[in-house]
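Working notes, structure below.
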Amino acid sequence: MSKCKGYAATTARAPLGPYSFERREAREHDVVIDIKYCGICHSDIHQVRDEWSEYQEESIFPMVPGHEIAGIVSAVGSKASKYKVGDKVGVGCYVDSCRHCAECKQGLEQYCSVGTIWTYNGRDKEGAPTYGGYSERIVVDENYVLRMPQNLPLEACAPLLCAGITLYSPLKHWHAGPGKKVAIVGMGGLGHMGVKLAHALGSEVTVLSQTLSKKADGKKFGASHYYATSDPETFTKLAGSFDLIINTVSAKLDWNQYLDLLKLDGTMVIVGLPEKDIPVGGFSLTARRRSLAGSQIGGIGEIQEMLDFCGKHGIASDVEVIPMHKVNEAYERVLKSDVRYRFVIDMATL
Ligand SMILES: [Zn+2]
Ligand SMILES: [Zn+2]
């Protein structure tokens, strides 16, 4: 074990502050990553504040959050062959899984039926707590490490590891592409990635946002249409319009109202997690054989595919880079949606 500096919440809802902890030494198949940047995901805030206790077995404090990790390989284990010192790599929401269940064998490690090992607020196979990317270094098995796009700034690619794949995976699974009308609900950290990716995949993209305040950005990211959901006319005008709706909003929306915007056989996919259950009426689904679905990040192979796709199409996140000590302030700003569009911590400031 060796000492590692980071930032942690020592107890639930405590502000984050400097914290020192132990990381394992590299095992045979491990990669040691010198972390350069880590994105701030809304789920970091939920977990630091222990707001998901109903859905999780436990919350582990002190908690070092962070699962949009971008860095440079500084060492590799004796049998690790996929990466070498100096490579630009990333780590997303999980660092291991059972590798044997039906889901893992299909490359769907994020749905591992034995239990995906989350990058932080989880336990590794020895039962030790995992610590995330708000830290100087991380040690991860090479099979759960990703290769970052070579041609794009590393800081702007960090958010691809959660926000990017969260949108890419459902867009691919539900066949976004040429001839398809896709709506992205919400224009935050997730939504702005959805617009860029859906557009690059060839679909006709519409943004449904509370107001028109980010309309110019939406158009720049590739949206053909942009509507305010605060205007009730939006819902009458767009009824029956879309093949696919990706809903990134974690606030309480009336899902029935959005389901009515789907065409025959259309699907609305939930990727934002509202704290309270939202009722859905049967008629909203039966009327046009519509589906309501959910999706959670992506498998390792699919994350790599997404990163390669982003490199090829020049897609990254729009980021505001902050020093480590501003993380608590940044959390408050995320809660007020006061960021365009993702905060990324510069780990050199740790
Ligand atoms: Zn996340
Ligand atoms: Zn598994």
Side-chain angles (χ1 to χ4, degrees), residues 9 16 35 37-49 51-52 55-56 59 63-70 90-125 130-135 138 141 143-144 146 155-170 186 188-194 197 246-250 269-275 294-303 306-307 316-317 319 327 330-331 334-335 337 339 341-345:
L16 298 173
I35 300 173
Y37 299 99
C38 186
I40 295 179
C41 176
H42 205 140
S43 64
D44 298 345
I45 305 175
H46 284 301
Q47 293 186 81
V48 161
R49 300 191 175 178
E51 289 166 350
W52 285 352
Y55 312 101
Q56 287 175 325
S59 295
M63 187 188 294
V64 178
H67 61 204
E68 292 182 340
I69 301 168
V91 177
C93 301
Y94 55 94
V95 289
D96 211 339
S97 64
C98 87
R99 310 182 189 202
H100 305 295
C101 72
E103 289 80 4
C104 282
K105 282 188 173 158
Q106 285 179 75
L108 298 169
E109 297 90 347
Q110 77 277 29
Y111 302 120
C112 172
S113 54
V114 177
T116 307
I117 296 179
W118 304 110
T119 301
Y120 69 88
N121 196 21
R123 290 195 183 273
D124 66 18
K125 286 174 178 168
T130 55
Y131 297 109
Y134 298 5
S135 59
I138 192 164
D141 184 287
N143 295 300
Y144 293 78
L146 287 310
E155 65 273 26
C157 290
L160 299 177
L161 294 155
C162 175
I165 189 61
T166 296
L167 275 292
Y168 183 84
S169 184
L190 294 174
H192 94 291
M193 286 311 310
L197 291 165
I246 313 272
N247 185 350
T248 71
V249 174
S250 54
V269 184
I270 304 305
V271 297
L273 291 170
E275 267 174 62
S295 178
Q296 170 177 281
I297 48 176
I300 289 292
E302 194 177 40
I303 302 173
M306 178 269 311
L307 290 168
S317 183
V319 299
V327 64
Y331 275 18
V334 170
L335 295 174
S337 301
V339 52
Y341 281 85
R342 202 72 156 172
F343 284 116
V344 171
I345 303 163

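Whatever order the structure lists them in is the order used to number ligands and atoms, beginning at 1. Scope of the values below: all heavy atoms of this structure, side chains included, with no hydrogens, waters or symmetry mates. The structure presented is a predicted model; accordingly, all values stated were derived computationally and were not measured.
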Inset, instruction - Please confirm whether the backbone N or O of C162 pairs with a side-chain atom of T166, one donor and one acceptor, at under 3.5 Å? - result: yes
Inset, instruction - Could you list the residues that satisfy side chain to side chain donor-acceptor pair (under 3.5 Å) with Y134, not counting sequence neighbours? - result: D44, Y331
Inset, instruction - If the plane angle is over 60° it's perpendicular, under 30° parallel, otherwise tilted; pick one for Y94 and W118. - result: perpendicular
Legend entry - Check: T119 main-chain N/O paired with Y131 side-chain donor or acceptor under 3.5 Å: no
Inset, instruction - Would you tell me whether S97 and Y144 have side-chain atoms, one donor and one acceptor, within less than 3.5 Å of each other? - result: yes
Inset, instruction - Compute whether any side-chain donor of one residue and acceptor of the other, for H192 and S317, lie under 3.5 angstrom apart. - result: yes
Inset, instruction - Check the side chains of E68 and Y37 for a donor-acceptor pair under 3.5 angstrom, ignoring hydrogens and angles. - result: no
Inset, instruction - Using only heavy-atom distances, determine whether the side chains of S113 and E103 contain a donor-acceptor pair under 3.5 Å. - result: yes
Legend entry - N, O or S atoms of the protein lying under 2.8 Å from the Zn ion (ligand 1): C41 SG, H67 NE2, C162 SG
Legend entry - 2.8 Å cut-off (strict), protein N, O or S atoms about the Zn ion (ligand 2): 4
Legend entry - For D96, all residues meeting salt bridge (charged side-chain N to carboxylate O under 4.0 Å, His left out), sequence neighbours excluded: R99, K125
